Amino acid sequence: MTDALWTVILALLSAGLIFAFLRLARGPYLPDRVIALDLISILAMGFIVAYAVRFNQPNFLDVAIILAIISFLGTVAFAYYLERRV
Amino acid sequence: MLSEILVMALMLAGAFFMFLAGIGMMRMPDLFLRMSSTAKAGTLGAGLLLLAAAIHFGDFAITTRVLAIIVFLMLTAPVAAHMIGRAAYFDGVPLWKGTVRDDLRGHYRASTHALETDSIPEEDRLPDEAGFEVRKPDLDR
C-alpha cells in the first residue's frame with residue numbers, strides 16, 4: 001500500500017517536472033523560460049524532501065534549504081538582467 | 001500509525017499541488033497567468049511536502065529547519081514572481097488576448113525606466129510596450 005502511494009507521489013512530481021521542462025524548451029519569451037527554471041528548482045526541492053522521507057535521511061533537507069536560496073537568488077538575478085536589458 | 005497516514009496524506013497533497021503547478025505552466029495562455037499558477041501552487045506543494053517531512057522525523061532540530069524553509073519560501077516566492085512579472089511587462093511580453101484591463105499601460109517612461117502616475121506621451125513609451133498587440137516570440141533577443 002505504502003509502496004503504491006510512493007509510486008504515485010513520485011510520478012506526480014515527475015509529471016510536473018516534465019511539464020515545466022517542456023515550457024522551458026518552448027518559451028516563447030525569455031521570462032517564460034525563467035519562471036520554468038524557477039518551477040523546476042522548486043520541484044527538485046520537492047523531490048529531495050520526498051526522498052528524505054522515503055529513505056529516512058534527514059540530512060537531505062539541508063540540500064533543500066540551499067536549493068531554495070539559490071533558486072530565489074537566480075530568479076532575482078534574471079529579473080534584474082531583464083529589467084536592465086529594456 | 002496515525003502519523004504515518006498523516007505523512008502520506010500530506011505528501012500526496014503536496015505532490016498533487018506540484019503536479020498542478022506543472023499543468024498550469026503548460027496550459028495557461030500567457031506569462032502572467034502561468035506565473036500566478038506556479039508561484040502559488042508550487043509554494044503550497046513544497047510547503048505541504050516539507051510539513052510532511054517535519055511530522056515524519058518528529059525531531060526538534062529538523063522541525064525548526066523545515067519551518068525555516070517554509071517561511072523562507074513563503075517570503076521569497078511572491079517577491080521573485082513580482083520582480084519577474086515587472087521585468088517581463090516592461091520587456092514587452094504580450095498579455096493574453098482575453099485580458100480585460102491593463103492598468104500599467106501608458107505609465108512607463110522609457111527614458112528614465114520609471115513608472116509615473118500621469119500618462120506618458122507616446123514618444124517616450126516603449127516601442128513595443130506590453131499591450132494587446134502581439135509581439136513576435138524572441139528566440140535570439
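In what follows, chains are A, B, ... by sequence order, proteins preceding strands, each numbered from 1. Predicted model, so just to flag it, every value in this text is computed and none were measured.
A:L13 contributes atom CG, which lies 6.0 Å from atom CG of B:L49 (distance to the nearest 0.5 angstrom). Taken from CG in A:D32 to CG in B:L31, the straight-line distance is 4.5 Å, to the nearest 0.5 Å. Separation of atoms OH (A:Y29) and CG (B:D30) is listed at 10.0 Å; rounding is to 0.5 Å. For the atom pair B:S37 OG and A:L39 CG, the distance stands at 8.0 Å (nearest 0.5 Å). Distance CE/B:M83 to CG/A:L82: 10.0 Å, rounded to 0.5 Å. Of the inter-residue distances, the one linking B:M25 atom CE with A:I40 atom CD1 reads 7.5 Å to the nearest 0.5 angstrom.
Taking the side chain as every heavy atom from C-beta outward, B:I62 and A:L61 approach each other to under 4.5 Å. Between A:F19 and B:R27, the closest side-chain pair of non-hydrogen atoms is not below 4.5 Å. The closest side-chain heavy-atom distance from A:L5 to B:M11 is not below 4.5 Å. Counting only heavy atoms from C-beta outward, the side chains of B:M18 and A:L12 never approach each other to under 4.5 Å.
Contact tally against chain B (heavy-atom pairs below 4.5 Å) for A:D62, A:I18, A:V53: the top residue is A:V53. Highest contact tally toward chain B, considering only A:P58, A:A50, A:A11, is held by A:P58 [criterion: heavy-atom pairs under 4.5 Å].
Counting only residues at least two apart or on different chains, the ring pair (Phe, Tyr, Trp, His ring centres under 6.0 Å) pairs with a member in residues 37-69 of chain A are A:Y51-A:F55.
Below 4.5 Å, heavy atoms of chain A meet heavy atoms from B:A53, B:H56, B:F57, all part of residues 51-59 of chain B. Proximity to chain A among residues 67-74 of chain B is limited to B:I69, B:F72, B:L73, judged by heavy-atom separations below 4.5 angstrom.
Across A:A79 and B:A87, no two heavy atoms sit closer than the pair O-CB, 3.5 Å. Between B:R34 and A:P28 the shortest heavy-atom distance is NH1-CD, 4.4 Å. Contact between A:R23 and B:M26 at its shortest, heavy atoms only, is NH2-O, 2.8 Å.
Cluster partners of A:I70, by chain and number: A:I66. The rule joins Ile, Leu, Val, Met, Phe, Trp and Tyr whenever side-chain heavy atoms lie under 4.5 Å apart.
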Query - Working for side-chain contact (heavy atoms from CB on, under 4.5 Å), residues B:F16 and A:I9 - result: CA-CA 8 Å; B:F16 180 68; A:I9 287 167; over 6 Å; no
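Heavy atoms closer than 4.5 Å to chain B are found in both the backbone and the side chain of A:V49. Both the backbone and the side chain of A:L43 come within less than 4.5 Å of a heavy atom of chain B. Neither the backbone nor the side chain of A:S71 comes within contact range of chain B; no heavy atoms are under 4.5 Å apart. The contact between A:I69 and chain B is made by backbone and side chain atoms together, counting heavy-atom distances below 4.5 Å.
Cluster membership for A:Y80 and B:V79, using ILVMFWY side-chain heavy atoms within less than 4.5 angstrom, is not shared.
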